[in-house]
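Chain letters run A, B, ... following the sequence lines, proteins first and then strands; every chain starts at 1.
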Amino acid sequence: MANVLVMAESRAGELRKVALEAVTAARQLAEQSGGGEVHAVLAGGSGIGAKAEALAQHGADKVLVLEHDGFALYNPEALTSTLAGLLKSGTYTYGVFSATSHGRDLSPRVAARLGVGLVPDLTGFAVENGAVVGQHPINNAKVIATLALSGSPTLLSVRPAAFTPAPDARALVTEAITSASEPTASRVKVVELKQGNTDKIDLNDAPVIVAGGRGLKTADNFKLCEDLADAFGNAAVGATRAVTDDGWRPHTDQIGQTGRNVSPDLYIAAGISGAIQHLAGMRTSRTIVAINKDKEAPIFKIADYGIIGDALEVLPALTAAVKAAKAS
Amino acid sequence: MKIAVCIKRVPVMEVKFAITADKSRYEETGLKYDINDFDLWAIEAALQLKEKAGTGSVHVVCVGPNAAQEQIRKAMAMGADSGALLETDTRNYDGLAVARVLAAELKDGGYDLVLFGRIAIDSMNQMTGPMVAELLDMPVVTNVFKLDINGATGRAERVLEGASEVVEFPLPAVLTIDDGLNKERLPSLKGIMAAKKKPLEVKPANLGDAAVTVRSMALPAERAAGRIVGEGADAVPELVRLLQTEAKVL
Ligand SMILES: Cc1cc2nc3c(=O)[nH]c(=O)nc-3n(C[C@H](O)[C@H](O)[C@H](O)COP(=O)(O)OP(=O)(O)OC[C@H]3O[C@@H](n4cnc5c(N)ncnc54)[C@H](O)[C@@H]3O)c2cc1C
Ligand SMILES: Nc1ncnc2c1ncn2[C@@H]1O[C@H](COP(=O)(O)O)[C@@H](O)[C@H]1O
């Protein structure tokens, strides 16, 4: 029997998909340890408690609701003391975080506060005699390390999209909790959240990604990627570093070693050469399509399907064909 | 402005790695090493802050093998003033163990800023900076891609998935530097000459017992080579057919 505490991420008052993935991972951890309760921490500004239901639907036995204006924006210091306090109570054997920007900011703080180790960014794990044995990509994801960690508690983070949210409904039980430190007294203050386009789905949530590179020639031509994404309806647009460096797309859209790691069902690379730093962030995509006018471009070596040609011509044709396929 | 930058010696990744027969590690013979990319940007940030302040010092700290002196000298050639190597031959995946060694070294340094890379591209741990900050009870902002220091306070912008957030913090502080903040300068010939004479302290590091241990290593499954569907817009119908019937993603 082992109870699991899981941090359920929200942003701007909305639960994130990664929160459900983390709860699913926490549920697996509890089951593999002979059963136990999963308690999810849901922190946010007023009204956040209303988002607890989805967590119960995915296997959270209890949702610990931390509702306070001081958590409307990310409040790392107050969250650290609150989570460290909960994890120190002796109730929990494991602590689970999402390997997101916030999760990878928060989990090391909590680990250091408690003086315990942390295995990050796991793509899978098993419990062996209480120890977590999990897979973590290293060396630019060119090597997979299987790492073992025991500790009391044992902390880990799970890679976005590595775990699929699994419905596992229980009755909703919530408990209001308070911050272990005064939320307004934090030294580090997030003063503004700059959301990308909120009508569009996030790269990490999108089953389809249309990514463009320098081969698209101008910032305006990214309209062709957006049109194709709109035709799919469930797609997001990504970019290479060459493109974000030139300011054609926001820095937050960069996919690759130093950008975002994605693994959608379908990744369409248009006018992208396929430099290893780019591949590092997308090579785990299920199906990869490459459109490039150079038949020697390295992207073709990892693409399932390639079209040799001018992306400025192929993209509109593909958009029309996808629209037609969706309509039929 | 007194700044410390923690830098890591990492393999150059443009190679195909091989796993040893006992699967316990990756083969190291023939690998080349350099400063972790993100740490180069952290060094650059430190140098620019010092230049802007018109006064101050940049000190680099590295936990690593004796050969890591090479990376410290490179940082000095870029313009860092001094360095310390905390020597160990242990390859460590336990972020907290490394953070403890760094925190002990930095504790009494009186630094206004301690800079880290967001992530080391070998361990991919992305934890050392915030752990050190916690151990030193310093404020920390991670994933910084915009930075403005004004006297005793700073304002940074950090990367989120599909968004960013603006953060205010007091100095002294720990920052982890992300891609996008700057491009590192190349060491000049003059810098390389000057680096040889800069102070580099070498002392043993004791990492203690690792809480995180490596069970095994493996290469990721190879992607089977794909196929060229055709040329130009004429190939689109066949691509769509394959996406529907074979890949089943449409
Ligand atoms: C430390 C470091 C970190 C990095 N991190 C990243 C990262 O996270 N993400 C990333 O993406 N990159 C990263 N890079 C950069 C990477 O090395 C490449 O420079 C970059 O990915 C190239 O982007 P690109 O494919 O858009 O441009 P290019 O390499 O210039 O490729 C453009 C491609 O478009 C094709 N093309 C041209 N015209 C057309 C047309 N009309 N139709 C179709 N195809 C056309 C060309 O044949 C070419 O293959 C990093 C580099 C370094 C050194
Ligand atoms: N052995 C080390 N010596 C000095 N700095 C390190 C070391 N390991 C990690 N760091 C610093 O911590 C950052 C993040 O590393 P990691 O947590 O291993 O991904 C790196 O970019 C460095 O700035």
B:E238, B:E222, B:M138, B:K248: which one forms the most heavy-atom pairs within less than 4.5 Å of chain A?
-> B:M138
Mind ranking B:A233, B:P139, B:G226 by heavy-atom pairs under 4.5 Å with chain A and telling me who comes out on top?
-> B:P139
Chain B contact via A:V133 - side chain, backbone, both or neither, heavy atoms under 4.5 Å = side chain
Heavy-atom distances under 4.5 Å only: say whether B:V15 touches chain A with side chain, backbone, both or neither.
-> backbone
Show your working on side chain to side chain contact (heavy atoms under 4.5 Å, CB included) between A:F97 and A:L83 and close with a plain yes or no.
-> CA-CA 11 Å; A:F97 296 82; A:L83 287 168; 3.8 Å; yes
Atom pair CG (A:L224) and CD (A:E313), whose distance is rounded to the nearest 0.5 Å = 11.0 Å
Tell me, for B:D37 versus chain A, whether the close heavy atoms (under 4.5 Å) come from the side chain, the backbone, both or neither.
-> side chain
Could you look at B:Q244 and say if it's the side chain, the backbone, both or neither that has a heavy atom under 4.5 Å from chain A?
-> side chain
When the 4.5 angstrom heavy-atom criterion is applied to A:L106 and chain B, the contacting part is neither
In terms of heavy-atom proximity below 4.5 Å to chain A, should B:K23 be classed as side chain, backbone, both, or neither?
-> neither
Which portion of B:V214 sits near chain A, non-hydrogen atoms under 4.5 angstrom | both
Please flag which part of B:D122 lies under 4.5 Å from any non-hydrogen atom of chain A: side chain, backbone, both or neither.
-> both
With distance as the sole criterion, is a donor-acceptor pair present between the side chains of B:E134 and A:T80 under 3.5 Å?
-> no
Max heavy-atom pairs within cutoff under 4.5 Å with chain B, candidates A:R109, A:R16, A:Q257, goes to A:R109
Please state whether the side chain, the backbone, both or neither of A:D245 comes within less than 4.5 Å of a heavy atom of chain B.
-> side chain
Test B:V10 against every option in B:D34, B:L31, B:I121, B:D39 by the side-chain contact (heavy atoms from CB on, under 4.5 Å) rule and name the one that passes.
-> B:I121
Look at B:F38, B:F169, B:Y93, B:F17 and state which one has the largest set of heavy-atom pairs under 4.5 Å with chain A.
-> B:F17
Side chain from CB out, backbone as N, CA, C, O: work out which of these in B:I228 comes under 4.5 Å of a heavy atom of chain A, or both, or neither.
-> both
For chain B, find which of A:L149, A:I144, A:T100 contributes the most heavy-atom pairs closer than 4.5 angstrom.
-> A:I144
Looking only at heavy atoms, the pair that brings A:V262 and A:T284 closest together is O-OG1, 3.7 Å
Measuring heavy-atom distances to chain A, does B:R25 have an atom under 4.5 Å in its side chain, in its backbone, in both, or in neither?
-> neither
Shortest non-hydrogen contact between A:V314 and B:G232, atoms and distance = CG2-C, 3.7 Å
By a 4.5 Å heavy-atom criterion (distance strictly below it), what part of B:E157 contacts chain A: side chain, backbone, both, or neither?
-> side chain
To the nearest 0.5 Å, atom CD1 of A:I209 lies from atom CD1 of A:I255 at 4.5 Å
Starting at CG of B:L207, measure out to OG1 of B:T88 and round the result to the nearest 0.5 Å.
-> 4.5 Å
Contact part of A:D304 toward chain B, heavy-atom cut-off under 4.5 Å: side chain, backbone, both or neither?
-> both
Check B:G154 against B:L171 and note the closest heavy-atom contact, atom names and distance.
-> N-CD1, 4.1 Å
Heavy atoms only, distances under 4.5 angstrom: which of A:L203, A:I302, A:N139, A:I138 has the most pairs with chain B? Name it, please.
-> A:N139
Are the side chain of A:T146 and the backbone of B:R215 linked by a donor-acceptor contact shorter than 3.5 Å?
-> no
Region of A:A303 that comes under 4.5 Å of a non-hydrogen atom in chain B | backbone
Heavy-atom distances under 4.5 Å only: say whether B:A99 touches chain A with side chain, backbone, both or neither.
-> neither
Among A:E192, A:R11, A:R104, A:R283, which residue forms the greatest number of heavy-atom pairs with chain B at distances under 4.5 Å?
-> A:R104
Given the options B:A218, B:A224, B:G180, B:A156, which has more heavy-atom pairs under 4.5 Å with chain A than any of the others?
-> B:A218
When B:E231, B:R100, B:M13, B:K16 are compared by non-hydrogen pairs under 4.5 Å with chain A, the top option | B:M13
Which bit of A:R286 is near chain B, if near means a heavy-atom gap under 4.5 Å: side chain, backbone, both or neither?
-> both
Taking the side chain as every heavy atom from C-beta outward, state whether B:R91 and B:Y26 have any pair of such atoms under 4.5 Å apart.
-> yes
Among A:V132, A:V116, A:D121, A:L315, residue most engaged with chain B (heavy-atom pairs, under 4.5 Å) = A:V116
The interface call for B:T142 against chain A, heavy-atom contacts under 4.5 Å, is both
Is it true that B:R227 and B:E246 make a salt bridge, defined as a side-chain N closer than 4.0 Å to a carboxylate O?
-> yes
Please flag which part of A:R187 lies under 4.5 Å from any non-hydrogen atom of chain B: side chain, backbone, both or neither.
-> both
Do A:N204 and A:R260 get their side chains close enough for a donor-acceptor pair, meaning under 3.5 Å?
-> yes
Contact winner vs chain A - B:A211, B:S164, B:A235, heavy-atom pairs under 4.5 Å | B:S164
Does a side chain donor of either B:N92 or B:T90 reach within less than 3.5 Å of an acceptor in the other side chain?
-> no
What residue, out of A:D253, A:N140, A:D202, A:T287, has the most heavy-atom pairs lying under 4.5 Å from chain B?
-> A:N140
Could B:E28 and B:R9 be called an ion pair, given the rule that one side-chain N must be under 4.0 Å from one carboxylate O?
-> no
Salt bridge between B:K183 and B:E44, side-chain N to carboxylate O under 4.0 Å?
-> no
Would B:E165 and B:L160 count as a side chain to side chain contact (heavy atoms under 4.5 Å, CB included) if you check the C-alpha gap in whole Å, the side-chain angles of each, and the deciding distance to 0.1 Å?
-> CA-CA 7 Å; B:E165 58 194 4; B:L160 305 179; 3.8 Å; yes
Between B:L250 and chain A, which part of the residue has a heavy atom less than 4.5 Å away: side chain, backbone, both or neither?
-> side chain
A:N292 (side chain) donor-acceptor with A:D294 (main chain) under 3.5 angstrom = yes
Under 4.5 Å heavy-atom distance to chain B, tell me which part of A:K293 shows up: side chain, backbone, both or neither.
-> neither
